[in-house]
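The block underneath contains the structure these notes are about, expressed in structure tokens.
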Amino acid sequence: MSADLQFTVEPNTQPASDDQRAQTLANPGFGQHFSDHMAIATWTRENGWHDARITAFGPLELSPATSVFHYAQTIFEGMKAYRHLDDSIHLFRPEANAARFNRSAQRLALPELPEDAFLDSLHKLIEIDKAWVPAGGETSLYLRPFMFGSDPFLGVRPSAQVTYCAIASPAGSYFAKGVKPVRIWLSEEYTRAAPGGTGAAKTGGNYASSLLAQAEAIEQGCDQVAFLDAVEKKWIEELGGMNLYFVLDDSTVVTPELSGTILEGITRDSILKLVTDLGYSVTERKISIDEWREGAASGRIQEVFACGTAAVITPVASLKWNGGEVQVADGEGGKVTAAVRSALLDLQYGRATDTHGWMTKVC
Ligand code: PLP
Ligand code: COI
């Protein structure tokens, strides 16, 4: 039962060959390849969490009536396992992901998964698939825990059966062009989340509703879309899959405050502390789109960067909208972005002392 849910381990009898795996790890890209195993567990209203296993990665068989296909009752997390120079494998703030997973679950009327069970599933998945954690550069094993309503029932109500699953995908850079400054498209027609909605939850619907705007961004020659608040269409919220930071000409650092409609990024939260460690003052406040446009034009805004697990820290080169575009400084990214980026990566890859106690050794 739920209180001490433990994942049993059923090794894959047909894992990838060493050669196949080596070929994948040589150029992993993002989200295209998966390790030999996955974690899976079931919840029912009658029996709570049960049948928790690490088993061979493979297709799920689901009735076409499965509720998630119709009503999108689903949540996910994104986190990474890092290989250190001594070949040990580490997670970055996994308890924060476990806690956010349960906040998302609560908002989507899904059952909470005990944090220990969430962590147990990932530790066991990483241990058995340790060979899938790439080495070198900024590579990692991207972990994708998710949960969805799996009841084959068309009534609109919280699913009486829920599936938890976690998969692992060797990862290089999220952006196909690598760590290059990105162009941002401002969506003025579409919004991502409204007060009282699900913007602060990591749920599929937020991403589904961002796709048209993201496609528009690509059409416009941009890499990511930026969303404004849904009420005044004035305040910068976040990108489709990343939070934003701004560095001003007096070396202060600002990021949009948590409005209830943006995702509380764990990278965002970590950067608040890292920039303070680096000696800059940092503020969470409302930032208007005019402040970005005018600040980039006048030089008041010196640097802009995007942050998130998949994207790490990526400099923003410019902001484009229907009718104009403004470059940020020389469009190449600046020294604060570079310093925070190094500080974060040095911690994650074990090259710096973990003064905040953020790293967990898995194996
Ligand atoms: N905002 C959105 C919409 C995201 O999808 C993500 C990615 O997870 C983030 C922000 C950054 O969150 P984190 O730093 O926890 O990965
Ligand atoms: C992440 O950074 O983990 C994300 O979830 C962003 C995106 C890949 C959805």
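Start at 1 and go down the list; that is how both ligands and their atoms are numbered.
- Between the side chain of K80 and the backbone N or O of T309, at least one donor-acceptor pair lies under 3.5 Å.
- For the side chain to side chain donor-acceptor pair (under 3.5 Å) test with T337, the passing option among E303, Q302, E332 is E303; the others fail.
- For ligand 1, the atoms closer than 4.0 angstrom to any heavy atom of E238 are 1 (N), 2 (C), 3 (C), 10 (C).
- Ligand 1 has no nitrogen or oxygen under 3.5 angstrom from a nitrogen or oxygen of E264.
- In this structure, the side chain of D120 engages the main chain of F7 through a donor-acceptor pair within 3.5 Å.
- Regarding atom 16 (O) of ligand 1, its nearest protein heavy-atom neighbour is T309 OG1, 2.6 Å.
- Among residues two or more places apart in sequence or in another chain, the salt bridge (charged side-chain N to carboxylate O under 4.0 Å, His left out) test is passed with R93 by D269.
- Of the protein's heavy atoms, G265 CA, 3.3 Å lies nearest to atom 12 (O) of ligand 1.
- Residue R100 places a heavy atom under 4.0 Å from ligand 1.
- Which parts of ligand 1 touch K202 is read off a 4.0 Å heavy-atom cut-off, strictly below it: atoms 4 (C), 5 (O), 6 (C), 7 (C), 8 (O).
- For ligand 1, one of its N or O atoms has an N or O atom of I266 under 3.5 Å away.
- Contact shell of ligand 2 (protein heavy atoms, cutoff 4.0 Å): F76, G78, Y142, R144, Y174, K202, Y207, G241, T309, A310.
- Alongside F69, the hydrophobic cluster contains F34, M38, I40, F57, L60, L62, V68, F76, F146, F148, I167, Y207, L263 (criterion: ILVMFWY side chains under 4.5 Å).
- Taking the ring-ring contact (aromatic ring centres under 6.0 Å, His included) definition, one finds that H90 meets it with H84, sequence neighbours left out.
- Residue N243 has at least one heavy-atom neighbour below 4.0 Å for each of these atoms of ligand 1: 9 (C), 10 (C), 11 (C).
- Every atom of ligand 1 with a heavy atom of Y207 under 4.0 Å away is listed here by number and element: 2 (C), 3 (C), 4 (C), 5 (O).
- Side chain of T255 to backbone of L244: a donor-acceptor contact under 3.5 angstrom is found.
- Checking only distances, T267 does come within under 3.5 Å of ligand 1, N or O to N or O.
- The option from G241, S210, G308 that lies nearest to atom 6 (C) of ligand 1, judged by heavy atoms, is G241.
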